[in-house]
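Counting starts at 1 for both ligands and their atoms, following the listed order.
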Amino acid sequence: MSTIFGRIIEGTLPCEKVYENERILAFKDIYPKAPVHLLIVPKKEIRCLQEIEPEDGPVLAEMLLVAKELAAKFSIADGYRLITNNGKKGGQVVEHLHFHLVGGKTFCSDTGFD
Ligand code: AMP
């Protein structure tokens, strides 16, 4: 796999793992933008949301369920954001699909992290 997240999935780069099964890995963001900032990543190398295929539906649905579970586990179930940046213009830096689960602070009612 060609990205930082690929190396984390392969186990050649460390991470602070918070969830793993055969299809999904979740870990703490190394530069958290909120008190809770987790990344939920499919092990399949999908570049970005715009490149998902119909066959990816089940793992995408499972990523949402993992987000829900982690929100409860990290005590942010009463309010959080689930974000995916798509493409360079969308702010995506790591070209391996991931959901940011961010919470533990109060967000204003617009888009973005702040
Ligand atoms: P994005 O801009 O949506 O591609 O987000 C990439 C995220 O990955 C950023 O929030 C980074 O802080 C995070 N990140 C980069 N390298 C690592 C790493 N080695 N471990 C954990 N998070 C990372």
Novice: Test side chain to side chain contact (heavy atoms under 4.5 Å, CB included) on Ile24 and Val59; report intermediate values, then the result.
Specialist: CA-CA 8 Å; Ile24 292 166; Val59 77; 3.9 Å; yes
Novice: Which of the numbered atoms in ligand 1 are under 4.0 angstrom from any heavy atom belonging to Asn85?
Specialist: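 Those atoms are 1 (P), 2 (O), 3 (O).
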Novice: Between Phe27 and Ile8, is a side chain to side chain contact (heavy atoms under 4.5 Å, CB included) present by the stated rule, with each step listed?
Specialist: CA-CA 9 Å; Phe27 49 90; Ile8 290 174; 3.9 Å; yes
Novice: Can you confirm whether Leu64 sits close enough to Phe99 that some side-chain heavy atom of one is under 4.5 Å from a side-chain heavy atom of the other?
Specialist: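 Yes, at least one pair of side-chain atoms sits under 4.5 Å.
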Novice: Taking the side chain as C-beta and beyond, is there a heavy-atom pair between Lys33 and Arg81 under 4.5 Å?
Specialist: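 No, side chains not in contact.
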Novice: Hey, which atoms in ligand 1 end up nearer than 4.0 Å to a heavy atom of Leu39?
Specialist: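 Numbered from 1, ligand 1 contributes 8 (O), 13 (C), 22 (N).
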Novice: Which ligand 1 atoms does Tyr31 reach within 4.0 Å, using its non-hydrogen atoms?
Specialist: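 Taking each heavy atom of Tyr31 in turn, ligand 1 has 12 (O) under 4.0 Å.
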Novice: Is there a polar contact, in the sense of an N or O pair closer than 3.5 Å, between Asp29 and ligand 1?
Specialist: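 Checking ligand 1 against Asp29, an N or O pair does fall under 3.5 Å apart.
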Novice: What I'd like to find out is whether the side chain of Val102 reaches to under 4.5 Å of the side chain of Val36, using heavy atoms alone.
Specialist: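 With C-beta onward as the side chain, the pair stays apart.
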Novice: Considering distance alone, does some N or O of Val94 sit under 3.5 Å from an N or O of ligand 1?
Specialist: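 So ligand 1 has an N or O lying under 3.5 Å from an N or O of Val94.
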Novice: With Lys43, which of Glu22, His96, Glu10, Glu20 fulfils side-chain hydrogen bond (donor to acceptor under 3.5 Å, both in side chains)?
Specialist: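 Considering Glu22, His96, Glu10, Glu20, a side-chain hydrogen bond (donor to acceptor under 3.5 Å, both in side chains) with Lys43 is found only for Glu20.
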Novice: Within a distance under 4.0 Å of any heavy atom of Val93, pick out the atoms of ligand 1 and give their elements.
Specialist: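 That gives atoms 1 (P), 2 (O), 4 (O) of ligand 1.
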Novice: With heavy atoms under 4.0 Å as the rule, classify the contact between Ile4 and ligand 1 as side chain, backbone, both or neither.
Specialist: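 Only the side chain of Ile4 comes within reach of ligand 1.
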Novice: Would you mind listing which atoms of ligand 1 come within a distance below 4.0 Å of any non-hydrogen atom of His100?
Specialist: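 Per the distance check, 1 (P), 3 (O), 5 (O), 7 (C), 10 (O).
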Novice: Under a 3.5 Å threshold, yes or no: a donor from one side chain and an acceptor from the other, between Ser2 and Glu95?
Specialist: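 Short answer, no.
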Novice: Counting only heavy atoms not in Gln50, do more than 12 fall under 6.0 Å of its CD?
Specialist: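 No, the 6.0 Å shell around CD holds no more than 12 heavy atoms from other groups.
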Novice: Under a 3.5 Å threshold, yes or no: a donor from one side chain and an acceptor from the other, between Asn21 and Tyr19?
Specialist: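 Yes, Tyr19 and Asn21 have a side-chain donor paired with an acceptor closer than 3.5 Å.
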Novice: Quick check: Phe5 and ligand 1, any N/O pair under 3.5 Å apart?
Specialist: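 Phe5 vs ligand 1: no N/O contact under 3.5 Å.
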Novice: Given Gly91, Gly87, Cys48, which one has a non-hydrogen atom that is nearest to atom 2 (O) of ligand 1?
Specialist: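 Looking at heavy atoms only, Gly91 sits closest to atom 2 (O) of ligand 1.
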Novice: Going by heavy-atom distance to atom 6 (C) of ligand 1, choose the closest among Arg7, Lys33, His98.
Specialist: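 Shortest heavy-atom distance from atom 6 (C) of ligand 1: His98.
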Novice: Which of the numbered atoms in ligand 1 are under 4.0 angstrom from any heavy atom belonging to Lys28?
Specialist: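 Result: 21 (C).
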Novice: Look only at interatomic distance and state if Pro14 has a nitrogen or oxygen under 3.5 Å from any nitrogen or oxygen of ligand 1.
Specialist: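 By distance alone, the answer is no.
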Novice: With heavy atoms only and a cut-off of under 4.0 Å, state how Thr84 meets ligand 1: side chain, backbone, both or neither.
Specialist: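 The answer is neither.
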